[in-house]
Protein chains: 2
Amino acid sequence: MSLSHAILGLLTVMPMTGYELKTQAFDTTVAHFWQADQSQIYRTLSKMEEDGLVTYELEVQADRPNRKVYRLTAAGWAELERWLRTEQPLPTNREPFLVQLFFGWRLTNETLLELVAGQRAAHAERLATYERIPMPPLGDPSLDRMRTLWRLTLELGIAIERTYLDWLDRCAAVIADLPEADNEQDPQL
Amino acid sequence: MSLSHAILGLLTVMPMTGYELKTQAFDTTVAHFWQADQSQIYRTLSKMEEDGLVTYELEVQADRPNRKVYRLTAAGWAELERWLRTEQPLPTNREPFLVQLFFGWRLTNETLLELVAGQRAAHAERLATYERIPMPPLGDPSLDRMRTLWRLTLELGIAIERTYLDWLDRCAAVIADLPEADNEQDPQL
DNA sequence: GGATAATATAGGACTATACATATATTATAT
DNA sequence: ATATAATATATGTATAGTCCTATATTATCC
C-alpha cells in the first residue's frame with residue numbers, strides 16, 4: 001500500500017487532517033500521480049496510527065467538528081526514508097477506453113468518433129486542471145530541491161495528457177477515413 | 001469490472017481457454033492496455049459462466065489437463081455491444097515513482113539518479129516489448145477495421161512510453177545540475 | 001423555507017487485484 | 001537424478017479501492 005507512503009510524504013510538508021489531505025493534496029496538488037478516496041484516507045490514517053507511523057493532536061472546535069491533526073512519528077520518518085530508496089514497479093496499465101477501441105470494430109464510425117470525443121474532452125479537462133497549477137520556473141537559483149522535483153512530476157502529467165490529446169486527434173482522423181463495418185455475418189454465434 | 005468486458009472482447013476473436021487468455025492475450029497482445037492476474041481470469045470466467053455471459057466446451061485431453069474452451073453466449077454478445085457504447089471514465093493515476101520523486105528532495109542526487117535510471121530501464125523494456133509486436137501498416141486499403149483499431153491502441157502504448165523516456169532523460173539532466181540537499185535540520189520531529 | 005455546500009470523521013458492503021500455493025502430467029535442461 | 005518449464009485449472013488469503021450512507025453544525029443559495 002503506497003497510499004500510506006504518499007500520506008507520510010504529505011505530512012512531512014505540514015501536519016494535516018484527513019480532510020485537508022483529501023481536499024488540499026489528493027484532489028489538487030498530487031492528483032496527477034495519486035488519487036485517493038476520502039474513506040480510504042481516513043481508514044489508512046487509522047491504521048498508520050495503530051502501526052505507530054503517525055500521531056495526531058485533537059483540536060477541539062466549537063462550531064465545527066473536531067480535527068485530528070496528524071504528523072509523523074520517528075518510525076514514520078524512518079519508514080518514509082526507507083521506502084523512498086526502494087525501486088518502485090511500473091504502474092499496471094488498465095484502460096477501459098482502449099478495450100473499447102480494440103474491440104469496437106463492429107461499431108459505426110459515428111459511435112467510435114463519439115467515444116473518442118468523450119475521451120478527448122475528459123483529457124482536455126485534466127490537462128486544463130494541471131495547467132492551472134502555477135509551476136515554479138526552472139533555472140531559478142533560489143528554487144529549492146522540493147519545488148524542482150515537484151515541477152518535474154507536474155511536467156510529466158502535462159506531457160502525458162498532451163500525448164493523449166495528440167493521439168486522440170489522430171484516432172479521430174483515422175476513424176473518419178475508415179470504410180464502415182460490414183456487420184452482415186455478426187454476431188456469429 | 002471491465003476485466004469481464006476485455007474477456008468478452010477477446011473471446012469474440014476466437015473461443016479460448018483461461019490459459020490461452022492469459023498467455024496469448026493479457027500477457028502479450030493487450031498487455032499495453034489491460035493486465036490481468038491468472039487467478040483473477042479463472043475466477044472471472046467462472047462468474048461470467050454463472051451469469052450466462054459465456055459457455056464452455058470441455059476438451060478432454062489424455063496427456064494434458066483438460067481444457068475449458070470458452071465462447072460468448074447471446075447474452076454475452078448483447079452485454080459486450082452495450083458496454084462498447086458506454087462512455088468510460090479515465091483511468092485513475094497512481095504512480096509510486098512520482099510519489100518518490102515528489103517527496104525525495106532529502107535524498108542525494110546520486111540516489112535520485114539511480115531511481116530515475118531504474119524507471120528508465122523498466123520503461124525502455126516495456127517500449128521494446130511493444131515495438132516487437134508487428135504492427136500492420138496504415139494506408140493499406142485491405143487493412144480491416146479490427147486491425148486498424150488495434151494498431152491505434154498500440155500506437156498509444158508506444159507514444160506513452162516515449163513520453164516517459166523523454167521525461168526521464170530530462171529528469172536526469174535536471175537532477176544532475178541540482179545543488180545537493182541541506183539536511184542539517186531534517187528530520188524535524 | 002428548503003436544498004445544497006463546506007467542514008470534519010467514520011463505517012458497511014462490495015468489487016477488484018495480488019500473491020501464494022495446490023494438483024497433475026509431460027518435456028526439457030543441468 | 002533433480003529441477004524447472006510448459007500446459008491447465010483452481011482455491012485461500014490478504015490488500016486495495018469504490019460507493020454509499022451516517023453524523024453534526026454552519027453558511028449560503030434559490
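Every chain is numbered from 1 and lettered A, B, ... according to where its sequence line falls, protein lines coming before strand lines. Remember, it's a predicted structure, so these values are computed and weren't measured experimentally.
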Would you tell me if any nitrogen or oxygen in the side chain of [X] comes within less than 4.0 Å of OP1 or OP2 on [N]?
X	N	answer
K47(B)	dT15(C)	no
Q61(A)	dA8(C)	yes
K22(B)	dT9(D)	no
Y42(A)	dA10(C)	no
R94(B)	dT18(D)	yes
Y19(B)	dT9(D)	no

Checking salt bridge (Lys or Arg N to Asp or Glu O under 4.0 Å) for the pair E155(A)/R170(B): CA distance, chi angles, key distance, verdict? CA-CA 10 Å; E155(A) 278 181 24; R170(B) 178 167 156 66; 2.5 Å; yes
Could you state the [atom1]-[atom2] distance from [X] to [N], rounded to the nearest angstrom?
X	N	atom1	atom2	answer
E20(A)	dT7(C)	CD	P	10 Å
L45(A)	dA10(C)	CG	C1'	12 Å
I41(A)	dG11(C)	CD1	P	15 Å
M16(A)	dT9(C)	CE	P	12 Å
M48(A)	dT9(C)	CE	C1'	17 Å
Q35(A)	dC19(D)	CD	C1'	16 Å
Q40(B)	dT11(D)	CD	P	15 Å
N66(A)	dT23(D)	CG	C1'	13 Å

With respect to F33(B), which candidate in F102(A), F97(A), F103(A) satisfies the ring-ring contact (aromatic ring centres under 6.0 Å, His included) definition?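 Going through F102(A), F97(A), F103(A) one by one, the ring-ring contact (aromatic ring centres under 6.0 Å, His included) with F33(B) is satisfied by F102(A) alone.
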With H32(B), which of F26(B), Y130(B), W150(B) fulfils ring-ring contact (aromatic ring centres under 6.0 Å, His included)?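 Among the candidates, only Y130(B) passes.
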Under the rule for side-chain contact (heavy atoms from CB on, under 4.5 Å), what residues qualify as partners of Q24(B), not counting sequence neighbours?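 Applying side-chain contact (heavy atoms from CB on, under 4.5 Å) to Q24(B) gives E20(B).
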For E125(A), is the CD atom crowded, meaning more than 12 foreign heavy atoms sit under 6.0 Å from it?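 No - once you tally the heavy atoms of other residues, nucleotides and ligands closer than 6.0 Å, there are 12 at most.
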Among [options], find the nucleotide with the atom closest to the side chain of [X].
X	options	value
P65(A)	dT7(C), dC19(D), dT9(D)	dT7(C)
D37(A)	dA18(C), dA8(C), dC19(D)	dC19(D)
Q38(A)	dT25(D), dA10(D), dT9(C)	dT9(C)

When only distance counts, do a donor and an acceptor, one from the side chain of R43(A) and one from the base of dG17(D), lie under 3.5 Å apart?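 Donor-acceptor pair under 3.5 Å: no.
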Does a donor on one side chain and an acceptor on the other come within less than 3.5 Å for H5(A) and E79(A)?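 The answer is yes; a qualifying pair exists.
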I want to confirm an ordering. Mapping R64(A) and A36(A) to their closest nucleotides on DNA chain D, which one lands closer to the 5' end?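 Taking each residue's closest nucleotide, the earlier one in sequence belongs to A36(A).
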Across the strands shown, which category fits S39(A) at heavy-atom distances under 4.0 angstrom: base, sugar-phosphate, nothing?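 Base contact.
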For R67(A), answer base if it contacts any base atom (sugar-phosphate contacts may also be present), sugar-phosphate if it contacts only those atoms, and nothing otherwise; contact means non-hydrogen atoms under 4.0 Å.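 Touches sugar-phosphate only.
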